[in-house]
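The chain is numbered in sequence order, starting from 1.
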Amino acid sequence: MSEDEFLETPPSYDDLYMARGDEVEPLRPVFTGDVFEHPEGLLMLVQHPCALRRGAYLHPRLLVVEVEEGVVRSKWTKQAYTEMPLPDLFGDGKNYVAKFINVQVVDSDSLDPEIRVATLSQLGVNLLLQRWVYHNTRVAIKTSTYDDQTFGPFNEAELLEDWMGEFPAKEDALLEFDKWIRDGNPSKQDKLKNTQSASGVRREMREYLKKLKKITALNSEQ
């Protein structure tokens with residue numbers, strides 16, 4: 001059996017996406033696998049979530065690949081390993097592929113969350129990383145292995161999305177979240193990587209936000 005025969009196919013196309021079109025939440029932080037309607041064309045982020053940022057902010061330049069209309073095979077082992085299939089990307093029945101051979105480096109400021117047309121599910125991100133790494137190394141690694149690495153960052157992205165929805169001052173909220181998530185020993189960020197402790201961090205966040213709102217309300221009354 002050749003290495004590329006280990007490249008996995010999602011159970012269904014819907015399992016690939018978290019959101020498409022108007023369903024994409026603008027407050028969700030920029031993440032691996034996001035597809036943007038960029039001035040340079042359709043672009044997809046391919047770096048691991050931890051490689052996108054330093055602290056609270058995106059790195060100034062990020063690696064993307066071009067996305068174009070293409071053929072999506074029913075079995076992804078038969079798909080060109082230079083491509084990430086994006087079936088029914090816009091919900092209109094048309095299929096697209098991310099082309100790993102068409103790489104660009106773009107300013108992160110140009111990747112506005114408002115111009116995203118799709119975000120991937122955790123499975124979708126794992127499938128993307130599997131194919132991207134295989135393209136670059138010819139080593140096929142199971143998505144379950146990638147899941148161990150993306151579990152924490154995916155949880156953190158969901159928490160940040162919820163956090164940002166609670167505050168009108170987005171810049172201050174972003175910095176406050178980054179400070180909060182890194183606090184502790186082990187940090188809450190590290191706890192999110194562990195299936196046994198991740199849910200506890202979400203509970204901590206809810207309690208912290210309640211206290212923060214009470215303090216803000218009291219300060220506004222003075």
Side-chain angles (χ1 to χ4, degrees), residues 10-12 14-35 45 47-59 62 108 111-114 116 118-130 142-222:
S12 74
D14 287 339
D15 291 323
L16 186 63
Y17 301 103
M18 169 173 280
R20 285 173 283 183
D22 294 339
E23 297 175 349
V24 177
E25 172 54 62
L27 292 178
R28 182 171 179 78
V30 170
F31 203 80
T32 308
D34 287 359
V35 180
L45 270 174
Q47 291 170 273
H48 184 278
C50 296
L52 299 177
R53 289 175 173 78
R54 182 170 186 178
Y57 297 107
L58 293 169
H59 286 296
L62 295 174
S108 59
L111 299 176
D112 189 334
E114 298 280 352
R116 283 183 293 193
T119 54
L120 298 186
S121 66
Q122 189 168 342
L123 173 61
V125 171
N126 295 339
L127 287 165
L128 167 62
L129 291 174
Q130 181 186 64
K142 293 180 179 179
T143 55
S144 58
T145 300
Y146 288 108
D147 195 64
D148 292 338
Q149 301 302 315
T150 59
F151 180 76
F154 211 86
N155 281 328
E156 185 175 338
E158 290 186 337
L159 290 185
L160 178 54
E161 179 182 334
D162 292 344
W163 180 291
M164 296 296 283
E166 297 290 334
F167 300 99
K170 301 307 180 190
E171 182 75 11
D172 292 343
L174 178 63
L175 293 173
E176 182 67 23
F177 178 84
D178 188 65
K179 178 182 176 182
W180 177 83
I181 201 72
R182 294 173 185 275
D183 186 46
N185 186 21
S187 69
K188 299 176 187 69
Q189 191 174 52
D190 285 337
K191 288 181 181 179
L192 285 174
K193 301 173 185 177
N194 189 317
T195 56
Q196 298 182 95
S197 58
S199 62
V201 178
R202 181 174 291 277
R203 184 172 60 253
E204 284 185 60
M205 189 184 85
R206 287 197 297 265
E207 294 171 354
Y208 181 82
L209 289 177
K210 285 179 183 178
K211 292 179 183 178
L212 203 58
K213 285 181 180 180
K214 287 181 181 179
I215 294 171
T216 302
L218 288 173
N219 290 337
S220 63
E221 291 174 0
Q222 295 175 356

### Message
Restricting to side chain to side chain donor-acceptor pair (under 3.5 Å), what partner residues turn up for Thr143, sequence neighbours left out?
### Response
Glu8
### Task
Applying side chain to side chain donor-acceptor pair (under 3.5 Å), name anything that partners Glu166, two or more places apart in sequence or on another chain.
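With sequence neighbours excluded, Glu166 shows a side chain to side chain donor-acceptor pair (under 3.5 Å) to Lys213, given in chain and number order.
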Taking [X] for its side chain and [Y] for its backbone only, find out whether a donor-acceptor pair lies under 3.5 Å.
X      : Y      : result
His59  : Leu52  : no
Arg202 : Asn155 : no
Thr32  : Gln47  : yes
Asp183 : Trp180 : no

### Message
Between Ser12 and Asp15, is the side-chain hydrogen bond (donor to acceptor under 3.5 Å, both in side chains) condition met? List the steps.
### Response
CA-CA 5 Å; Ser12 74; Asp15 291 323; 3.0 Å; yes
### Asp148-Thr145 side chain donor-acceptor pair, cut-off 3.5 Å
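No donor-acceptor contact under 3.5 Å links the two side chains.
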### Query
Taking only residues two or more places apart in sequence or in another chain, which ones pass side-chain contact (heavy atoms from CB on, under 4.5 Å) with Arg20?
Asp14, Tyr17, Asp88, Ala118
### Query
Taking only residues two or more places apart in sequence or in another chain, which ones pass side-chain contact (heavy atoms from CB on, under 4.5 Å) with Lys170?
Leu27, Met164
### Query
Would you call the rings of Trp163 and Phe177 parallel, tilted or perpendicular if under 30° counts as parallel and over 60° as perpendicular?
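Geometry flag for Phe177 against Trp163: perpendicular rings.
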### Message
For a side chain to side chain contact (heavy atoms under 4.5 Å, CB included) check, start with the C-alpha distance between Met18 and Glu25, then their side-chain angles and the critical distance, and finish with the verdict.
### Response
CA-CA 10 Å; Met18 169 173 280; Glu25 172 54 62; over 6 Å; no
### Task
Please name all residues satisfying ring-ring contact (aromatic ring centres under 6.0 Å, His included) with Phe151, sequence neighbours left out, ordered by chain then number.
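ring-ring contact (aromatic ring centres under 6.0 Å, His included) list for Phe151, sorted by chain: empty.
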### Task
For Tyr146, check ring-ring contact (aromatic ring centres under 6.0 Å, His included) against everything at least two apart and list the hits.
none
### Message
I need the minimum non-hydrogen distance between Pro49 and Phe31, along with the two atoms involved.
### Response
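Closest approach of Pro49 to Phe31, heavy atoms only: CG-CZ, 3.5 Å.
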### Task
Is it possible for you to check whether Arg28 lies under 6.0 Å from the centre of the six-membered ring of Phe154, through NZ or CZ, and within 45° of that ring's axis?
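Yes, a cation-pi geometry holds between Arg28 and Phe154.
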### Query
Could you go step by step and tell me if Leu159 and Leu192 meet the side chain to side chain contact (heavy atoms under 4.5 Å, CB included) rule?
CA-CA 10 Å; Leu159 290 185; Leu192 285 174; 3.8 Å; yes
